[in-house]
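Counting convention: from 1, in listed order, for ligands and their atoms alike.
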Amino acid sequence: MSAPCKAEAARVTLAPRVDRDWAYLVQPDRIHQSLYTDPALFPHEMTKLFGGLWTYLCHESELPAANAFKRVRLGLRPVVMTRDKSGAIHGLFNRCAHRAATICQDDTGATARFTCPYHGWTYANDGRLIGVPFDDGYGDAFDKSLHGLRRIPRIEAYRGFVFGTLNPDMPSLADHLGAATELIDEFIGRAPGGEIVLGAGSFRGVFGGNWKLVFDNAADGYHPAFSHRSIMDMTRIRNGGDKGGRHFATNPDNSPMYCKAYPNGHGLLHQRPGMGNSLWDRVRPTPGSEAQVASLVARLGEDGARAALEGVPGGGINLNIFPNLLLIGNQVQVVEPLVHDRTQLSWYATTLKGAEPEVNQLRMRVAEDFPILGETDDLEMFERCWEGMRAEEAEWVMCGRGSHRADADTLDPVTGVRTVPPTDEAPMRNFYRHYADTLSRETKLVVA
Ligand code: FES
């Protein structure tokens with residue numbers, strides 16, 4: 001007699017190298033268009049990049065108490081992030097161990113257990129199988145402890161940002177982020193209590209195009225003066241014509257702004273050095289803000305209010321963590337590829353733990369700013385690029401701006417960080433080098 005229900009053992013799989021001529025497809029100054037348009041690449045990306053590398057899943061503040069959960073994806077794999085009663089965070093596959101139905105359909109909520117709607121198997125929020133209807137039908141040999149939800153084996157967090165990987169060979173998350181943590185620290189450091197909170201839901205949009213177009217754009221200081229012309233004009237007018245807010249009005253390369261290309265494909269466009277000493281003075285119009293400012297002045301005095309208001313500004317930082325997390329101003333943006341020609345973007349507003357209430361109220365107002373007035377420009381450009389890529393015979397996408405610069409002038413040989421002027425396309429070249437490097441290697445994957 002065979003055992004009625006074998007447990008699914010943890011198993012190492014090797015995602016094979018993707019067989020392409022990578023040196024041809026990713027050249028020092030151009031990217032082959034097929035990397036965007038070839039649907040055969042998409043499953044490899046979802047397996048080897050999303051899951052084979054550290055991939056952003058959620059923020060700790062989105063699981064604020066025991067029993068909280070959030071539904072996410074690791075590539076295309078459905079996942080429920082949970083916090084159990086001990087406070088531990090789990091990344092559970094949203095997949096019943098019986099016949100694979102999803103066990104959670106709500107985006108967020110709180111529960112100690114999940115019951116599969118198909119045949120009623122019930123799981124604790126740490127993944128243990130705790131209930132099987134009519135379990136005598138399995139005989140005596142059925143052991144519930146062997147049939148819990150499968151899980152992401154490695155979950156790590158940096159300053160509240162929770163990542164997961166299936167790859168046992170990945171270095172620690174902190175090592176993977178490397179020098180890019182300097183900007184995460186700056187992002188968080190504006191909170192008096194050293195913590196940010198994602199508690200206001202998200203603004204979501206879907207565009208017709210490949211997900212990598214988002215990263216091409218995210219550290220690109222070349223496009224704002226043109227595709228974001230209207231919002232730049234508004235900033236300039238608000239700040240008194242020629243007196244301020246002109247950091248993209250003339251050649252940005254003559255400003256103190258800069259880009260960085262970090263190891264492991266991460267990138268940065270840092271605008272704040274070009275935005276003047278007072279970031280609050282560079283904030284775009286926020287109608288109604290006068291009441292919050294007056295309240296701060298009344299309570300803290302002029303100097304105290306100005307210091308507090310420096311916690312408000314929304315623009316100025318674009319930090320891109322390969323392959324799916326972007327910190328843009330005050331906001332957290334998550335890139336979720338749906339299929340090779342369709343991508344979902346979610347923007348999460350953030351508040352500062354311990355900040356004056358007026359500061360967080362103003363941050364919410366500023367959070368309405370770029371997603372409404374600027375992201376729409378970007379979405380249009382992504383879809384225009386995608387439409388242009390239908391000209392299959394025109395093979396190449398250029399990314400060579402600044403590639404003439406000598407390593408000695410841009411590259412820190414110790415950290416591997418390259419620092420370049422803001423219109424240099426080094427972050428894009430850096431992204432695709434890491435992309436090709438990852439896809440051209442075997443990747444070890446384990447599910448616990
Ligand atoms: Fe979940 Fe059957 S698929 S109980």
Side-chain angles (χ1 to χ4, degrees), residues 1-13 15 42-43 46-48 50-52 55-58 62-155 162-168 204 334 336-339 342 344 346 445-448:
M1 187 176 78
S2 61
C5 289
K6 292 195 186 88
E8 214 178 324
R11 186 166 70 93
V12 179
T13 57
F42 187 74
M46 294 303 99
T47 302
K48 293 168 67 77
F50 291 73
T55 306
Y56 175 72
L57 295 165
C58 70
E62 295 177 281
L63 304 172
N67 297 334
F69 70 84
K70 182 179 185 204
R71 201 161 59 113
V72 300
R73 275 193 289 261
L74 177 63
L76 298 183
R77 307 167 189 91
V79 169
V80 191
M81 301 302 296
T82 66
R83 191 186 285 278
D84 69 22
K85 64 185 179 197
S86 75
I89 291 177
H90 305 271
L92 306 173
F93 283 166
N94 190 3
R95 178 197 184 279
C96 182
H98 182 218
R99 285 198 221 150
T102 56
I103 48 104
C104 176
Q105 286 300 106
D106 293 334
D107 286 341
T108 59
T111 185
R113 60 185 63 86
F114 298 93
T115 298
C116 178
Y118 201 172
H119 309 93
W121 286 28
T122 296
Y123 303 88
N125 62 9
D126 59 5
R128 287 174 298 120
L129 177 63
I130 56 175
V132 174
F134 323 131
D135 60 352
D136 54 351
Y138 289 103
D140 295 335
F142 189 76
D143 182 351
K144 285 202 278 289
S145 71
L146 301 177
H147 296 279
L149 297 172
R150 310 306 298 274
R151 66 180 60 236
I152 301 169
R154 297 181 65 191
I155 300 281
V162 180
F163 292 70
T165 183
L166 307 182
N167 187 344
R204 283 195 175 146
V334 183
E336 294 178 75
L338 302 176
V339 283
R342 198 164 170 79
Q344 177 169 288
S346 298
L445 302 170
V446 178
V447 173

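- Ring geometry for Phe142 versus Tyr138: interplanar angle under 30°, hence parallel rather than tilted (30 to 60°).
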### Task
Could you please spell out the steps behind the side-chain hydrogen bond (donor to acceptor under 3.5 Å, both in side chains) verdict for Thr165 and Asn167?
CA-CA 5 Å; Thr165 183; Asn167 187 344; 5.2 Å; no
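- Each of Asp126, Asp84, Asn125, Thr82 was checked for a side-chain hydrogen bond (donor to acceptor under 3.5 Å, both in side chains) with His90, and the lone residue meeting it is Asp84.
- Looking at His119, its N, O or S atom nearest to atom 2 (Fe) of ligand 1 turns out to be ND1.
- As for His98, its N/O/S atom nearest atom 2 (Fe) of ligand 1 is the one called ND1.
- Other residues, nucleotides and ligands place more than 12 heavy atoms under 6.0 Å from the CZ atom of Arg154.
- For atom 3 (S) of ligand 1, the nearest protein heavy atom (residue, atom name, distance) is Arg99 N, 3.4 Å.
- Across Arg73, Lys70, Arg71, a single residue satisfies salt bridge (charged side-chain N to carboxylate O under 4.0 Å, His left out) together with Asp107, and that is Arg71.
- Atoms of ligand 1 lying under 4.0 Å from at least one heavy atom of Cys116, given by number and element, are 1 (Fe), 3 (S), 4 (S).
- For ligand 1, the atoms closer than 4.0 angstrom to any heavy atom of Trp121 are 4 (S).
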